[in-house]
Amino acid sequence: MEHSFWHDRWATNQIGFHQPAANPLLVTHCAALALPSAGRVLLPLCGKTLDIAWLLAAGYQVVGVELSELAVQQLFAELGATPRIQVLNDALQRYETDKLTVFVGDIFALSREQLGPVDAIYDRAALVALPATLRSRYASHLTAISAGARQLLISFDYEQSQLPGPPFAVLAEELSELYGQHYELQALARQSLAGGLKGQCPADEAVWLLQPRA
């Protein structure tokens with residue numbers, strides 16, 4: 001998607017993708033990540049998700065990446081936190097507190113060195129927010145900068161012709177193509193989306209655990 005699409009969505013508060021509570025699928029399946037105490041979790045394209053507050057309350061460190069600076073400003077304001085802000089380069093800024101770091105800018109500009117080590121990735125709304133033309137690049141980049149960290153990934157399964165994304169339908173076969181070289185994919189759960197996707201068509205949510213191959 002063009003950057004302007006997401007900037008416009010945040011500027012006009014068209015953020016129906018923002019949930020009013022931590023995602024129940026994260027709450028239920030976070031243990032599958034087998035995170036160490038105070039482990040560091042990467043949330044790509046994080047917006048101002050309340051999943052961050054839930055992970056922080058659970059004792060984890062969180063590092064996010066988000067294109068919209070407005071979203072990041074709202075995130076820290078809603079957490080009641082005043083971040084330290086550093087301009088890294090023309091493409092990235094870093095907002096940071098003791099347990100939370102958010103890189104503001106294009107995720108493809110973020111390097112492994114800038115990110116630092118992470119124990120796991122939680123991808124609730126990143127892969128499914130990207131059109132098919134970007135998903136392969138995204139998957140490769142995410143794997144590279146995270147050094148192949150394990151992932152908890154939530155995807156959507158619906159008839160794409162019935163509704164334009166985002167979020168896009170990303171089926172099991174595509175996930176295998178995107179990640180199968182580096183990960184073993186395990187389906188943890190699948191459930192119907194109450195009311196359908198955007199109230200317009202039936203859809204399922206699927207939860208996947210991606211374990212690095214030996």
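Under a cut-off of 6.0 angstrom, the local environment of CD in Gln114 is crowded, with over 12 non-hydrogen atoms contributed by other residues, nucleotides or ligands. The environment of Asp90 atom CG is sparse: at most 12 non-hydrogen atoms of other residues, nucleotides or ligands sit within 6.0 angstrom.
Contact check for Ser155 versus Leu127: no side-chain heavy atoms found under the 4.5 Å cut-off. Annotation: side chain of Leu152 is in contact with side chain of Leu188 (closest heavy-atom distance under 4.5 Å). Between Gln74 and Ser68 the shortest side-chain heavy-atom distance does not fall below 4.5 Å. Taking the side chain as every heavy atom from C-beta outward, Phe103 and Leu88 approach each other to under 4.5 Å. Looking at Leu100 and Phe76, their side chains come closer than 4.5 Å, going by heavy atoms from C-beta outward. Tyr95 places a side-chain heavy atom less than 4.5 Å from the side chain of Gln73. Taking the side chain as every heavy atom from C-beta outward, Leu142 and Leu42 approach each other to under 4.5 Å.
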Exercise for review: Would you check, one step at a time, whether the test side-chain contact (heavy atoms from CB on, under 4.5 Å) holds for Leu178 with Tyr138?
Suggested key: CA-CA 9 Å; Leu178 293 172; Tyr138 164 81; over 6 Å; no

**Study point:** Working for side-chain contact (heavy atoms from CB on, under 4.5 Å), residues Asp157 and Arg190
**Key:** CA-CA 10 Å; Asp157 184 349; Arg190 185 183 182 93; 2.4 Å; yes

Point to revise | Worked check of side-chain contact (heavy atoms from CB on, under 4.5 Å) between Arg84 and Asp98 | key: CA-CA 10 Å; Arg84 302 179 294 274; Asp98 290 344; 3.8 Å; yes

Practice item. Just do the side-chain contact (heavy atoms from CB on, under 4.5 Å) check on Phe168 and Leu130 with the steps written out, would you? Key: CA-CA 7 Å; Phe168 295 97; Leu130 299 173; 5.7 Å; no

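Judged by distance alone, the side chains of Gln160 and Tyr158 do bring a donor and an acceptor atom under 3.5 Å apart.
Pro164 and Lys198 make their closest contact through O-NZ, 4.2 Å (heavy atoms, listed as atom of the first residue, atom of the second, distance). Minimum heavy-atom separation, Val65 to Gly105: CG1-O, 4.3 Å. Taking every heavy atom of both residues into account, Arg135 and Ala169 meet most closely at NH2-O, 4.0 Å. Closest approach of Leu92 to Ala109, counting heavy atoms only: CD1-O, 3.5 Å. Across Leu193 and Glu205, no two heavy atoms sit closer than the pair CD1-OE1, 3.4 Å. For the residue pair Leu197 and Ala203, the shortest heavy atom distance occurs at CB-CB, 3.9 Å.
The CD atom of Gln211 sits 10.0 Å away from atom CG of Leu185, with the distance rounded to the nearest 0.5 Å. Distance CD/Gln61 to CG/Leu56: 9.5 Å, rounded to 0.5 Å. Atom CG in Leu26 sits 7.0 Å away from atom CD1 in Ile154 (nearest 0.5 Å). The line from OH of Tyr183 to CH2 of Trp208 is 15.0 Å long, rounded to the nearest 0.5 Å. The distance from atom CD of Gln181 to atom OG of Ser176, rounded to the nearest 0.5 Å, is 11.0 Å. Separation of atoms CD1 (Ile52) and CD (Glu66) is listed at 9.0 Å; rounding is to 0.5 Å.
Connection of Leu25 to Tyr60 is established within a shared hydrophobic cluster, with ILVMFWY side chains joined at heavy-atom distances below 4.5 Å, either directly or through further cluster members. Connection of Leu153 to Val118 is established within a shared hydrophobic cluster, with ILVMFWY side chains joined at heavy-atom distances below 4.5 Å, either directly or through further cluster members. Cluster membership for Leu171 and Leu163, using ILVMFWY side-chain heavy atoms within less than 4.5 angstrom, is not shared. The same ILVMFWY cluster, assembled from side-chain heavy atoms under 4.5 Å apart, contains both Leu115 and Ile107. The same ILVMFWY cluster, assembled from side-chain heavy atoms under 4.5 Å apart, contains both Leu110 and Val63.
Under the 3.5 Å distance criterion, the side-chain polar atoms of Ser140 are matched with a main-chain donor or acceptor of Ser136. In this structure, the side chain of Arg150 engages the main chain of Leu33 through a donor-acceptor pair within 3.5 Å. The closest donor-acceptor contact from the side chain of Asp51 to the backbone of Asn23 lies under 3.5 Å. Of the possible donor and acceptor atoms, one in the side chain of Arg40 sits under 3.5 Å from a partner among the backbone N and O of Pro117.
Relative orientation of the His141 and Phe108 rings is tilted, given thresholds of 30° and 60° on the angle between their planes.
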